[in-house]
Visitor: 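Can you read through this structure? Questions will come right after.
First listed ligand is number 1; within each ligand, the first listed atom is number 1.
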Amino acid sequence: MRTAKAEFLPFARPSITHREKDAVLQVLDSGWLTTGPTTKAFEEAFSRYVGSAYAIAVNSATAALHLALDALGVSDEDEVIVPTWTFAASAEVVVYRRARPVLVDIEQRTLNAPISAIDAAITSRTKAVIAVHFAGHPLELPALRDHLAAKSIALIEDAAHSFPSRVDERENAYAGTFGRAGAYSFYATKTITTGEGGMLVTDDAAMADRARLMSLHGISKDAWKRYTAAGSWYYEIEDAGYKYNMTDMAAALGLVQLERAEELLSERRRLAKRYSTALAESPVADLVSLPAGMDDASHAWHLYVLRLNVDALTASRGSVIDQLNQRGIGTSVHFIPLHLHPYHRRTWVTDSTAYPVATAEYERVISLPLWPGMGDAGVDRVVDALVDTLSSARR
Ligand SMILES: *Cc1c(COP(=O)(O)O)cnc(C)c1O
């Protein structure tokens with residue numbers, strides 16, 4: 001008899017059906033591959049979905065954040081507040097503008113930056129706050145928006161984790177639509193995907209115009225139309241722009257994923273709940289703390305971030321990751337706080353002790369696989385492996 005070796009359970013895997021495949025094939029057959037009618041349709045569908053006046057499709061959330069800071073006129077005189085608990089992109093875009101990223105600590109419960117921490121970092125140079133809805137758990141909205149508006153500081157939402165998080169069910173108030181601009185990510189591991197891609201949303205016409213201009217070489221309006229029947233060969237370069245446009249192949253994927261967003265969310269929520277229930281009832285319940293927001297309908301569940309009670313374990317978080325990997329389970333860490341990275345330490349961090357929560361939580365976090373399609377059996381396998389690993393490492 002042959003015992004089947006369990007297949008590797010990856011940390012993330014996109015949910016792609018025949019509908020996405022058909023949509024991409026249609027674009028390939030159409031003869032129009034780059035920014036064109038499908039990208040326009042995706043922008044329109046997205047802005048309708050979240051209720052923003054404008055949506056500009058780009059090739060990443062990083063691009064969307066950069067365009068938002070450009071449109072705000074952020075410059076070398078300015079400071080932009082960014083949580084230390086985030087991905088590289090949230091801070092590097094500030095440096096693209098030659099401004100100073102000012103890192104702030106997070107709160108332990110949600111791993112989000114609380115208003116109090118943001119407030120303490122505000123100076124006369126603060127131009128904007130890049131707010132991250134970590135793991136898909138929205139920040140205190142609209143309180144943060146109102147708080148910053150009173151100080152004339154722009155709120156830019158890094159909504160890379162939080163689509164389709166709705167802060168208020170009645171109002172269709174999506175996280176990402178509270179600030180001057182919001183940036184969504186369609187990277188392969190995110191809640192909906194176009195492979196690589198992003199969307200900038202705003203209600204501000206001037207910001208939308210500027211972002212659209214700069215997203216395609218600073219070339220005058222609707223540069224992409226120049227190769228269509230309706231287009232003209234003539235264009236003007238109005239500024240030194242960027243090459244941030246989305247392809248129609250990506251947009252075709254995005255349109256289908258957008259239609260499936262609620263279905264994908266409810267599966268993520270269901271799997272997250274299964275994790276929490278199983279872990280709470282497991283023999284290692286005292287060795288972990290479960291993520292906050294389980295009963296919060298606004299959570300987008302991009303990530304399921306477990307905290308290990310490392311003081312009660314003989315194994316470090318890193319060794320738990322290795323042992324899970326040996327059992328065929330992929331995990332990740334979100335995030336290695338920015339203030340611990342060599343670039344930030346060397347360049348921007350003046351006091352490395354200023355982030356006690358993020359520094360401590362970093363030693364404990366582990367992101368478990370969470371993706372539609374992993375199924376109940378996938379969750380149960382991860383829980384079983386965790387129970388085994390942690391039980392044998394109990395102090
Ligand atoms: C993924 C991510 C981004 C960047 O998204 P891209 O589309 O890959 O540019 C930005 N911020 C956070 C918090 C992310 O997790």
Visitor: Taking all non-hydrogen atoms of both residues, which atom of Leu111 and which atom of Trp85 are closest, and how far apart?
Guide: O-CD1, 3.5 Å
Visitor: For His161, run the ring pair (Phe, Tyr, Trp, His ring centres under 6.0 Å) check against Phe335, Trp301, Tyr184, Phe87 and tell me which one passes.
Guide: Phe335
Visitor: Could you tell me whether Arg327 and Asp384 make a salt bridge, using a distance below 4.0 angstrom between a side-chain N and a carboxylate O?
Guide: no
Visitor: Between the protein and ligand 1, which nitrogen or oxygen pairs come in under 3.5 Å, and how far apart is each?
Guide:
from: ligand 1; atom 1: 5 (O); to: Ser185; atom 2: OG; distance (Å): 3.2
from: ligand 1; atom 1: 7 (O); to: Ala61; atom 2: N; distance (Å): 2.8
from: ligand 1; atom 1: 7 (O); to: Ser185; atom 2: OG; distance (Å): 2.7
from: ligand 1; atom 1: 9 (O); to: Ala61; atom 2: N; distance (Å): 3.2
from: ligand 1; atom 1: 9 (O); to: Thr62; atom 2: N; distance (Å): 2.9
from: ligand 1; atom 1: 9 (O); to: Thr62; atom 2: OG1; distance (Å): 2.5
from: ligand 1; atom 1: 11 (N); to: Asp158; atom 2: OD1; distance (Å): 3.2
from: ligand 1; atom 1: 11 (N); to: Asp158; atom 2: OD2; distance (Å): 2.7
from: ligand 1; atom 1: 15 (O); to: His161; atom 2: NE2; distance (Å): 2.6
from: ligand 1; atom 1: 15 (O); to: Lys190; atom 2: NZ; distance (Å): 3.1

Visitor: Taking atom CG of Asp322 and atom OG of Ser316, what is their separation to the nearest 0.5 Å?
Guide: 7.5 Å
Visitor: Answer yes or no for Arg268 and Tyr304: cation-pi contact, defined as NZ/CZ to six-membered ring centre under 6.0 Å and angle to ring axis within 45°.
Guide: no
Visitor: Check whether any side-chain N or O of Thr193 sits under 3.5 Å from a backbone N or O of Tyr187 as a donor-acceptor pair, and report yes or no.
Guide: yes
